[in-house]
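Quick caveat, the model's predicted, so the values are computed rather than measured.
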2 protein chains.
Amino acid sequence: MHLFWEHGYEATSLAMLREAMGLTPPQIYNAFTDKETLFRKALTRYHETEIGFALEALSAPVSTREAVRRLLLGAAEAYSRPGKPGGCLFVSGALAASPQAQAIADELKAYRKASEAAIAERLAKGRAVGDLPEGLSVEGLAKYIAGVMNGMSIQARDGASVEELRILAQTALAALPAEGQNQDASSKD
Amino acid sequence: MHLFWEHGYEATSLAMLREAMGLTPPQIYNAFTDKETLFRKALTRYHETEIGFALEALSAPVSTREAVRRLLLGAAEAYSRPGKPGGCLFVSGALAASPQAQAIADELKAYRKASEAAIAERLAKGRAVGDLPEGLSVEGLAKYIAGVMNGMSIQARDGASVEELRILAQTALAALPAEGQNQDASSKD
DNA sequence: AATCTTCCATAGTGATCGATACGAAACCTG
DNA sequence: CAGGTTTCGTATCGATCACTATGGAAGATT
């Protein structure tokens, strides 16, 4: 997973995987069928172990702004963990790919789209309870938040520290509608 | 350039370049020495022909906020031009690379760092003339703006339309300090 | 006009890719 | 302890990578 995270799908050779896992090629193929299946296994593992902050942030019983704050600050921390590759595997895994690997690139794109959709869903919920203005486009704001996270992923890959990413996240938060304008109204019914 | 832009440095094979350029391999090597030099030529060409909006935005005689607005909206348009690959070559070219291509990845990283530095320089100038609060960290804000542009590049690659990118840019602008607070003071001396 | 030089496309180079066939070692059974 | 089976590591597969040597055609010179 770390190798795919660091070098991406195509640039990670079986020789690197073999050395890192201490397995012989037949062992790898017996265990994971082929390189593509192994990468997908790494994807699900990454999803389960490295980015739990996102689900936690989006499902926590807090205000919408606080949820987004946790999401962005969680990303700042997750994208710059010591000993781990910088950024997000969903971004670094295969942003550009050869025609042969387009299926992998499409799968990562689907992951990114799903993340954005999860954000949009949380925003819609927030708008429903009065956390956000009614006229606001949750899709547009979700695309902004997802975009900021993707941008943080690249900044992290370029060596940004966790503090710098936190500042970036805090700055991005300022673009959100002010909190609490309709928040009292959420307790009216 | 389009092939590198679309598929990245390593995933673009000489066979693809040969077919696209209508040249034989020796012609390619006579003209460009090797693949790495050809990619660098494509980088400079990209810099000259595709992202002039950035230099224009940062050097225009307008307020700092307007400069950033032009920068982000220019990116929205440049990253989603019809007939061109989505996103920015500096991001897509080699976000993740094999150990053999790390020199290329480092070069692209340097381009991204230079872009961020150019933004920071413009912000510092703006702060000097009172466009931005004195206590503000231009490096932090520049990292945010550069990060948003990088995020837009990924959103564009994921198929975001120019309108969606414009909305993202407008949203990102809301994170900037309000304009005009010290602007009148800029005409005092 | 004949020869010589120069250029250039085809064919192929070693290296490496992902993936696998074969020989050997180990294990279970009798 | 012997025989049959299964498992597993090595050596290698065809394909493709970036890159280049060689045969043949075109043009220049006498």
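For DNA chain D, the outermost nucleotides in 5' to 3' order that have an atom under 4.0 Å from a heavy atom of chain A are D/dG9 to D/dT10. Think of the region where chain A sits on DNA chain C: with heavy atoms and a 4.0 Å cut, that region ends 5' and 3' at C/dC17 to C/dA21.
Rounding to the nearest 0.5 Å gives a distance of 15.5 Å between NZ of B/K113 and CZ of B/F90. Of the inter-residue distances, the one linking A/M1 atom CE with A/L17 atom CG reads 13.0 Å to the nearest 0.5 angstrom. A/M149 contributes atom CE, which lies 8.0 Å from atom CD1 of A/I51 (distance to the nearest 0.5 angstrom). Atom-to-atom distance recorded for A/T64:OG1 and A/R127:CZ is 11.0 Å, nearest 0.5 angstrom.
Salt bridge present: B/E107 and B/R40 bring a charged side-chain N and a carboxylate O closer than 4.0 Å. Salt bridge A/E121/A/K125: absent, no basic N to carboxylate O contact under 4.0 Å. Ion pairing between a basic and an acidic side chain is recognised when a charged N comes within 4.0 Å of a carboxylate O; A/K143 and A/E139 show no such pairing. Note on B/R112 versus B/E116: no salt bridge recorded, every NZ/NE/NH1/NH2 to OD/OE distance being 4.0 Å or above.
Within 6.0 Å of CD in A/Q27 there are more than 12 heavy atoms belonging to other residues, nucleotides or ligands.
Between the side chain of B/R69 and the main chain of B/Q170, no donor-acceptor pair closer than 3.5 Å is present.
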Can I get a per-line list of side-chain donor-acceptor pairs under 3.5 Å for residues 74-89 of chain A, giving both atom names and the distance, sequence neighbours left out?
residue	atom	partner	partner atom	Å
A/E77	OE1	A/R81	NH2	3.2
A/E77	OE2	A/R81	NE	3.1
A/S80	OG	A/A76	O	2.8
A/R81	NH1	A/E50	O	3.2
A/R81	NH1	A/E50	OE1	2.9
A/K84	NZ	A/H2	NE2	3.4
A/K84	NZ	A/E50	OE2	2.8

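Within the helix from C/dA1-D/dT30 to C/dG30-D/dC1, the inter-axis angle between the opening and closing five-pair segments is 20°, rounded to 10°.
Projected onto DNA chain C by closest heavy-atom contact, B/P25 and A/Y29 fall at different nucleotides, the more 5' of which corresponds to B/P25.
Looking at residues 4-24 of chain B, you'll see B/T24 sit with a heavy atom under 4.0 Å from some atom of DNA chain C.
Minimum interatomic distance between A/A96 and B/R157 (heavy atoms only, all atoms of both residues): CA-NH1, 4.0 Å.
Counting any heavy atom pair closer than 4.0 Å across all strands shown, B/D34 reaches sugar-phosphate atoms only and no base atom.
When the side chain to side chain contact (heavy atoms under 4.5 Å, CB included) test is applied to B/A172, the partners found at least two apart in sequence or on another chain are A/Y144, B/L72, B/Y144, B/V148.
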